[in-house]
Protein chains: 2
Amino acid sequence: MHGADDRFERIQVAPAYQQVAEAIEREILAGHLTPGERLGTEADLVRQFGVNRSTVREGIRLLEQSGLIRRDQSRRLFVSLPRYNRLATRMSRALVLHQVTFRELWEASMSLETATVEAAAERASPEDIAELEDNIAKMETAPDSQAIAELDNDFHAMIARISRNRVLQLAREPAGLLFTPTLKIILDEVAVAGRRNLEAHRKIVDACRRHDIETARLWMQRHITDWRRGFEKAGQQLDDPVERTYVQHMGLGGAYR
Amino acid sequence: MHGADDRFERIQVAPAYQQVAEAIEREILAGHLTPGERLGTEADLVRQFGVNRSTVREGIRLLEQSGLIRRDQSRRLFVSLPRYNRLATRMSRALVLHQVTFRELWEASMSLETATVEAAAERASPEDIAELEDNIAKMETAPDSQAIAELDNDFHAMIARISRNRVLQLAREPAGLLFTPTLKIILDEVAVAGRRNLEAHRKIVDACRRHDIETARLWMQRHITDWRRGFEKAGQQLDDPVERTYVQHMGLGGAYR
DNA sequence: ATTATCCATTTGTCCGACAACCCAATGTTG
DNA sequence: CAACATTGGGTTGTCGGACAAATGGATAAT
């Protein structure tokens, strides 16, 4: 039946559990609930919203996943700031599911990492430099390629933190996460990769210590270019999409805990 | 009671609803469930996992929020690719909650937008150019500053799409979203802002048509610098954190629907 | 063949219940 | 009196069952 041509669109009512989540999210974004603050108990929310506890719980799960609320060891709920690495993990997964290519990854990282290292070179403190040098020292004595790849990831994350720019920090993280597994492969396949990697890190730290922005950028460019060369030397195809396996091992652990 | 010194750490069991979510997510990441595919009914999942329906539903809410599964108009569940703008919205919110400053935003955008426009200038097709020109035409006749600000956001999103680099596209989006409200303010406060904005867009499209990467980058730099000048002329402080109000109006609508 | 009607499924919501767990207040012991 | 052990109330995680509303598909009527 189509009746007379319809005059009205259907009125949509969001399910109650969504409304619960939206209401709480609004309070958080409005600043009426601040990070660290306790959210009431489930019973409280049941009373306030006038819905069943199951409904409240479903709403809470939405917020829990978005990182706006978390549970402490006592499992009680409190408001929380969404964590960067959680968001970055989600983005990495999305990128993989969308089958982005290594070329896209490389191109983006070239801009993001150079921009980041420029800011870091400008702002690095002696403490920052010490931390970076510690990372390099660890890498020099790292037992295997897996450890080196992880330390490399740490290094770039440190640079991002030192940039004192959280927008850049968040923007570079997803691509950074996807590099780690490839670096391990490269280290296993290309003999010089480890040495060149370390050299670039050293030069970058040197430049940061001297606040030499130009040199820092230059060496970061070389560093990212090296990755590409190594990637191709290891027999990988730049226009292949990032394989799904790269996120599987990233572990679901962090995602819901 | 502390007894003898404990030999074992406590065994952690994740709640059943988390395990449900993780199990389904694993299947998706492993490729056994592909986007578009129907997930079983709740009753199916109850049977397979051997848990209560409430538990299954809580697990589903986690995945729903992460964008890995969605409900079609019939409310049945199917596997889905996480959407960029959903992720970008979340990131924008996180940035605001972390109280990033406009300076961070500006600095990051300067790198991200220039990198994006370089790639776009290299790869823009005639159809892409036509779309950009259409956007400019609309902006020339836009009724108010709100409309212009939104068209500006569209323009930059188009450039990102034209870059054919989804990593860059995703990386620039969160910062881009936070610019829109400020641009409206600038347009209202600074007389020349609208004209300069349009001029920059025109020059950028011109450069893209000619695949003139250098010029495209140059005008994007000017464009972003103009934003900063306008922002300061409008009496705003670059080192203030982005206000919470900037995300509230972004609407929760998209977040859970 | 197209339209209208009916029925089985499925989701959203509710109710009630209970074990495991956490925290704090209480009592106990050196 | 202080440190410890115990107890009890409150909270979360999970379960079972129930029902209205909405949906999709099958069936009947035009």
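The model shown is predicted, which means the values in this text are computed figures rather than measured ones. Chain letters run A, B, ... following the sequence lines, proteins first, then strands; residues in each count from 1.
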| remark: Here the ring pair (Phe, Tyr, Trp, His ring centres under 6.0 Å) pairs for residues 144-177 of chain A, sequence neighbours left out, are A:Phe155-A:His201, A:His156-A:His201, A:His156-A:His223

| Pairs satisfying ring pair (Phe, Tyr, Trp, His ring centres under 6.0 Å), at least one member in residues 14-64 of chain A, at least two apart | none

[N] OP1/OP2 closer than 4.0 Å to side-chain N/O of [X]:
X	N	result
B:Arg57	C:dT11	no
A:Arg61	D:dG13	yes
B:Arg71	C:dG12	yes

| note | Taken in chain and number order and not counting sequence neighbours, the residues that satisfy side-chain hydrogen bond (donor to acceptor under 3.5 Å, both in side chains) with A:Gln237 are none

Nearest-Å distance for atom pair [atom1]/[atom2], residues [X] and [N]:
X	N	atom1	atom2	value
A:Glu58	D:dT12	CD	C1'	16 Å
A:Gln18	C:dT13	CD	C1'	14 Å
B:Arg38	D:dT23	CZ	P	13 Å
B:Arg75	C:dG12	CZ	P	6 Å
B:Leu77	C:dT9	CG	C1'	14 Å

Give me, pair by pair, the N or O atoms of the protein and of nucleotides 14-16 of chain C that are less than 3.5 Å apart, along with how far apart they are.
| residue | atom | partner | partner atom | Å |
| --- | --- | --- | --- | --- |
| C:dC14 | OP2 | A:Asn52 | N | 2.7 |
| C:dC14 | OP2 | A:Thr55 | OG1 | 2.8 |

| message | Once ring pair (Phe, Tyr, Trp, His ring centres under 6.0 Å) is applied, do any residues pair with A:Tyr84, and if so which ones, sequence neighbours excluded? | response | B:His98

Sequence-distant partners of [X], side chain to side chain contact (heavy atoms under 4.5 Å, CB included), two or more places apart:
X	answer
B:Arg47	B:Asp44
B:Ala147	B:Ala142, B:Pro143, B:Asp144
A:Ala124	A:Asp128, A:Ile129, A:Ile162, A:Cys208

| Contact summary for B:Glu25 and B:Leu68, nearest pair of heavy atoms | CD-CD1, 3.6 Å

| query | Does the side chain of A:Arg61 reach to within under 4.5 Å of the side chain of A:Gln65, using non-hydrogen atoms? | reply | no

| message | Between A:Tyr17 and A:Arg76, which residue's closest nucleotide on DNA chain C lies nearer the 5′ terminus? | response | A:Tyr17

| remark: DNA chain C nearest-nucleotide lookup for A:Asp72 and A:Pro15: closer to the 5′ end is A:Pro15

| remark: What residues 40-48 of chain A contributes to the DNA chain D interface at heavy-atom separation below 4.0 Å is A:Thr41, A:Glu42

